[in-house]
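To find a chain, count down the sequence lines: A is the first, B the second, and so on, and within it residues start at 1.
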There are 2 protein chains.
Amino acid sequence: MAHPTIYDVAAAAGVATSTVSRAFSTPTRVSAHTRERVLAAAAELGYRPNPHARALFSGRHHTVAMVVSDITNPHYFELIRGAELRAKASEYTLVLVNAEESPRIEYDQIQRLVSSVDGFVLAASRLPDENLEQIASQRPVVLMNRELPGIPSVVLDHVQGCRQIVEHLVSLGHRHLVYLAGPRNSWMAATRWSALRTAAEGHGIRMERVGPFTPKVSQGGAAADGALTTNATAIVAHNDLLAIGVVQRLAQRGVRVPEDVSVLGFDNIFASDLCTPSLTTLGGAHVEVGRAAVEILLDMATPNGKTRTPPRVLLPTELVLRGSTGAAPSA
Amino acid sequence: MAHPTIYDVAAAAGVATSTVSRAFSTPTRVSAHTRERVLAAAAELGYRPNPHARALFSGRHHTVAMVVSDITNPHYFELIRGAELRAKASEYTLVLVNAEESPRIEYDQIQRLVSSVDGFVLAASRLPDENLEQIASQRPVVLMNRELPGIPSVVLDHVQGCRQIVEHLVSLGHRHLVYLAGPRNSWMAATRWSALRTAAEGHGIRMERVGPFTPKVSQGGAAADGALTTNATAIVAHNDLLAIGVVQRLAQRGVRVPEDVSVLGFDNIFASDLCTPSLTTLGGAHVEVGRAAVEILLDMATPNGKTRTPPRVLLPTELVLRGSTGAAPSA
DNA sequence: TTGAAAGCGCTAACAC
DNA sequence: GTGTTAGCGCTTTCAA
């Protein structure tokens, strides 16, 4: 039989459809003997419950949607991997949406999915706060690497991390830093900038910002040139991709890294360890971010825990020291 | 209203539910005037058709599942991106499943999804042929980078590509090559080996195989050591990750690349351009593979085209020459 | 413990 | 062109 239903199973087992249903969803409320008969018949026919029929009634879909702002960025794959693992562990299905750095696409896709998923995990959402609040009022939402009061979030502790970055650079004698900013509507970009500036002020050193830049390797050229005009001795790029592009451009222009200028990135992507010089970068347990976000979402989707105040998980970062940072030039 | 239904819209617009349904699914079969009234009422209430109810009746879910054998491998990002783009363009939802290199997980997850998706695109499936045939008998299936008679597939032309690899190496004076094989149940590994061997025979040079290896950087050490025992002057690794690991291990052992030995990979992943030396590799339009596979799947899912003989798309590869290959040592 | 029956939201005959 | 109605496969009262 192509797609046997409970009717087929019921007929085969000589019971009512409701009994079949119970045998699957509330096995305790069926006598052991009947249950066995039903399960045997189901196995025989190759019956599998139709999740849509189930969802139609229950409103629960056993599905979560993950929206990433840019799937081209390898950084997100760690998040995706963590999310997928966690979802799978609870037999949830993970739907993947790439917003292609467009708030419009992001919003439209979310609306399209609102009635077919149990909730959303949003990675580095580019949506304005109001949109997020509106979506959160329709479905459970968990933010990754973004915060908004009232909505649960999982974030790497960038305040702490940026402090470490500045300390690292200060200890190497740098007194003038520049941050190559990420996209205008990126919460992370704003957070990093503010954390860096605060840390720099604490050390009484100069910190400026250039940008915004789309954080891709291809933008590294423009970013590097922008950075050079500041005469800063250390460049903190919005992420590793941009940093890699910056390093390439600097090489092209004959600027040595780290002898003439130090470069740092964020995310600790796979490639940052392979490029030359290898990249000093602020990493963290990205897989864990994905995992934790889905875990919170699943908690929210189950009846009990919904009332608690929205969790705000802060995961530790780690500064990975590599070849792209060194002592400030003595000039 | 939390989730208005066609009943609510029908009541608000003063029409029957079927009219509302038609206004959405077959707008031409409703008078312009009524349609407007319905759409206005729907917009007013914030109505959105419930895809599950729709799927329950029609059996079509507007969803495709993509299964990748290992999400950690950056190579798959490209496939995923292409698949996601194509699915989104047709307002299809993409479900992502990571098989974690386990045929068991792959099979179980597919079975779990059989009744909730319109079809599967399987990237480098590790399943035995029989399983694939069985799945294809339940739902449309398109293979990526794997072939099986009777099932549509999209594959990069590795026969052609491997020939180019061998020609490249022969022209550099290499007479003894070694292939570091991928996983035992990888169709791609078998294909590459067979194509490389054939090409090598055609040139009358020696080609051997070592392995299998799990194609990760971490396996490069063992793979490199295995390769060295053969005294081959050129190493063709199953993919770029393995090749990168091999290069690292060779450096550790004081073997120079490419002076003492040449190294090649497959996939042209992002990092292969950044490592030192940069990696000669067989690339191709991976995004296109993902896109084409989903496109075929969508075709299959629409009533008309189902009868045609299963398409077998062969996309061109390109050999990207970089720093890791050079003249054979004169010894 | 089990069965009969209503209904989740939507679509497609079939009437009018 | 539009309304009536019977399901799609499942869950869950309500009775027995």
Side-chain angles (χ1 to χ4, degrees), chain A residues 1-39 41-42 45-63 91 112-118 138 303, chain B residues 1-39 41-42 45-63 91 112-118 138 303:
Chain A
M1 194 169 313
H3 279 286
T5 72
I6 39 172
Y7 291 94
D8 305 314
V9 177
V15 299
T17 59
S18 47
T19 304
V20 177
S21 172
R22 279 190 281 259
F24 279 93
S25 24
T26 48
T28 55
R29 295 189 0 192
V30 177
S31 79
H33 175 242
T34 323
R35 192 191 324 144
E36 258 176 47
R37 278 233 318 281
V38 170
L39 295 183
L45 294 171
Y47 165 79
R48 315 191 126 261
N50 178 329
H52 293 292
R54 204 169 251 187
L56 185 54
F57 187 92
S58 67
R60 315 213 43 241
H61 316 77
H62 262 250
T63 299
E91 299 196 293
R112 194 174 73 75
L113 291 170
V114 152
S115 47
S116 29
V117 303
D118 293 323
Q138 303 181 72
Chain B
M1 195 171 312
H3 280 285
T5 72
I6 39 171
Y7 291 94
D8 304 314
V9 178
V15 298
T17 58
S18 50
T19 304
V20 178
S21 173
R22 280 190 280 260
F24 279 93
S25 23
T26 50
T28 56
R29 298 191 354 195
V30 177
S31 79
H33 176 241
T34 322
R35 191 189 327 140
E36 259 177 45
R37 278 232 317 281
V38 170
L39 295 183
L45 294 171
Y47 166 78
R48 314 190 127 263
N50 179 329
H52 292 291
R54 207 170 248 188
L56 185 55
F57 186 91
S58 67
R60 316 212 44 241
H61 315 77
H62 261 249
T63 300
E91 299 196 292
R112 195 174 71 76
L113 290 171
V114 152
S115 49
S116 29
V117 303
D118 293 321
Q138 305 182 71

By nearest-nucleotide position on DNA chain D, the 5'-leaning member of S25(A) and S58(B) is S58(B)
Note: chain A reaches DNA chain C at heavy-atom distances under 4.0 Å over the stretch, first to last nt, 5' to 3', of dT1(C) to dG9(C)
Closest heavy-atom pair, S116(A) versus R112(A), reported as atoms and distance to 0.1 Å, is OG-O, 4.1 Å
Check the pair V20(A), V15(A) against side chain to side chain contact (heavy atoms under 4.5 Å, CB included), reporting the backbone distance first and the verdict last. CA-CA 7 Å; V20(A) 177; V15(A) 299; 3.8 Å; yes
Side-chain H-bond candidate by donor/acceptor type, T34(A) with S31(A), under 3.5 Å
yes
Classify T34(B) by what it touches in the nucleic acid, base, sugar-phosphate, or nothing, heavy-atom distance under 4.0 Å. sugar-phosphate
CG of L39(A) to OH of Y47(A), rounded to nearest 0.5 Å, is 11.0 Å
Rounding to 0.5 Å, atoms CG (N50(B)) and CG (L56(A)) come to a distance of 6.0 Å
Between L56(A) and R35(A), the residue closer to the 5' end of DNA chain C by nearest nucleotide is R35(A)
Treating T26(A) as the side-chain partner and T28(A) as the backbone partner, does any N or O pair qualify as donor plus acceptor under 3.5 Å?
no
On a heavy-atom basis, the closest approach of H3(B) and D8(B) is O-OD2, 4.5 Å
NE2 (H61(A)) and CZ (R54(A)) are apart, to the nearest 0.5 Å, by 13.0 Å
DNA chain D nearest-nucleotide lookup for P4(A) and R22(A): closer to the 5′ end is P4(A)
Footprint ends on DNA chain D, 5' to 3', for atoms under 4.0 angstrom from a heavy atom of chain B, come out as dG1(D) to dG9(D)
>> Within the 4.0 Å heavy-atom criterion, would you say F24(B) contacts the bases, only the backbone, or no part of the nucleic acid?
In response: nothing
Donor-acceptor contact present, side-chain D118(A) to main-chain T63(A), <3.5 Å
yes
Evaluate L45(A) against V9(A) for side chain to side chain contact (heavy atoms under 4.5 Å, CB included), listing each step before the verdict.
CA-CA 7 Å; L45(A) 294 171; V9(A) 177; 4.1 Å; yes
To the nearest 0.5 Å, atom CZ of R48(B) lies from atom CZ of F24(B) at 9.5 Å
Sorted by number, residues from residues 8-21 of chain A placing a heavy atom under 4.0 Å from DNA chain D are S18(A), S21(A)
